[in-house]
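Taking it in order: structure first as structure tokens, then the write-up.
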Amino acid sequence: MIPATREEVWVALRNPDILQECIEGCEEMTALDTNEYEALVRVKLGPVRAKFRSIIRMLNVVAPESYTLAVNARGGNAGFGIGQAQISLIPDESGTTLSYEVTGTVSGKLAQLGSRLFLSVANKMASSFFTKFCARWDTPQSA
């Protein structure tokens, strides 16, 4: 439960500075368009460490209720990953409930490590993102 209105949470989920702050290993986050971002993220997947240049798109947008987050991440020799997260914001008298479900696939060296490891890391990164994102409302925010 996030102690903020659904509209406030919606706006924060579309702010590149907040996204960069909440994505573990994110070195850059740039808005390319209203529903499209480019990110540079440093990731460790088992023995493989790589920088991933990612294009992040918000699809099936139903403002301020839900969207599908589609991620296409390229890590050079490490390979690439494609993932999706279905995000829903449900208003409540105490604030907003944020729910998500993540899926994805990989290729290249990442696939050699196994899709289980990748999905485990992807789920960990998603969980870390949403934990950091929700924690933003636990402390006073500057204007």
Side-chain angles (χ1 to χ4, degrees), residues 1-139 141:
M1 177 64 64
I2 300 171
T5 67
R6 179 165 69 173
E7 289 74 15
E8 290 170 323
V9 175
W10 181 263
V11 168
L13 282 170
R14 300 168 68 81
N15 181 318
D17 294 331
I18 293 173
L19 295 174
Q20 181 173 349
E21 174 187 313
C22 295
I23 296 171
E24 193 171 317
C26 187
E27 297 178 354
E28 297 174 18
M29 174 68 70
T30 307
L32 301 176
D33 200 354
T34 303
N35 293 322
E36 186 174 31
Y37 304 87
E38 182 177 35
L40 180 62
V41 181
R42 191 178 298 270
V43 178
K44 181 177 185 293
L45 294 159
V48 178
R49 295 175 195 259
K51 275 188 182 180
F52 287 87
R53 179 82 44 198
S54 303
I55 299 296
I56 303 164
R57 291 183 179 93
M58 294 178 169
L59 309 171
N60 309 316
V61 176
V62 181
E65 186 177 313
S66 65
Y67 61 90
T68 302
L69 193 64
V71 180
N72 186 332
R74 298 202 174 275
N77 291 334
F80 69 91
I82 298 171
Q84 286 194 347
Q86 182 59 46
I87 315 246
S88 298
L89 302 175
I90 303 158
D92 184 283
E93 53 201 40
S94 304
T96 303
T97 299
L98 187 155
S99 67
Y100 65 93
E101 183 176 332
V102 177
T103 59
T105 60
V106 292
S107 71
K109 283 185 184 177
L110 297 176
Q112 293 171 2
L113 293 172
S115 59
R116 276 189 180 162
L117 173 61
F118 171 76
L119 291 177
S120 171
V121 171
N123 282 321
K124 179 183 170 203
M125 287 184 72
S127 178
S128 171
F129 170 84
F130 289 112
T131 298
K132 288 178 182 179
F133 182 80
C134 292
R136 292 182 47 73
W137 278 276
D138 290 342
T139 57
Q141 300 295 307

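Please read these numbers as outputs of a predicted model, since none were measured by experiment.
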Response to the item:
Rounding to 0.5 Å, atoms CG (L98) and CZ (R6) come to a distance of 11.5 Å

Worksheet item: So, do E21 and K132 sit near enough that their side-chain heavy atoms are less than 4.5 Å apart?
Response: no

Worksheet entry | N60 CG to Q84 CD distance, which is reported to the nearest 0.5 Å | 8.0 Å

Worksheet entry | Flag if over 12 foreign heavy atoms under 6.0 Å of CD, E24 | no

Worksheet item: Under 4.5 Å between any side-chain heavy atoms of S54 and F80, yes or no?
Response: no

Worksheet item: Please, which pairs that meet ring-ring contact (aromatic ring centres under 6.0 Å, His included) have at least one residue in residues 3-49, sequence neighbours excluded?
Response: W10-Y67

Practice prompt. Spell out, as yes or no, whether a donor-acceptor pair under 3.5 Å connects the side chain of E38 to the backbone of M29.
Written response: no

Show which side-chain atoms of residues 87-95 pair as donor or acceptor with protein atoms under 3.5 Å away, not counting sequence neighbours.
residue: D92; atom: OD1; partner: S94; partner atom: N; Å: 2.9

Discussion item. Within a 6.0 Å radius of atom CD on E101, are there more than 12 heavy atoms belonging to other residues, nucleotides or ligands?
Written reply: no

Worksheet item: With side chains defined as the heavy atoms from C-beta onward, is the minimum distance between I56 and L19 less than 4.5 Å?
Response: no

Worksheet item: Can you name the residues that form a side chain to side chain donor-acceptor pair (under 3.5 Å) with R14, not counting sequence neighbours?
Response: N35

Discussion item. If you compare all heavy atoms of V102 against all heavy atoms of A85, which two are closest, and at what distance to 0.1 Å?
Written reply: CG2-CB, 4.1 Å

Worksheet entry | Nearest-0.5 Å distance, CZ of residue R136 to CD of residue E8 | 11.5 Å

Worksheet entry | F133 and W137 aromatic ring geometry - parallel, tilted or perpendicular at 30°/60° bounds | perpendicular

Discussion item. Using the rule side chain to side chain contact (heavy atoms under 4.5 Å, CB included), only one of T30, L59, I55 pairs with E36; which is it?
Written reply: I55

Worksheet entry | Closest approach of M58 to L13 (non-hydrogen atoms, all atoms of both residues) | CE-O, 3.5 Å

Discussion item. Whether the side chain of T96 engages the backbone of A4 through a donor-acceptor N/O pair (distance < 3.5 Å, no angle test) should be reported.
Written reply: yes

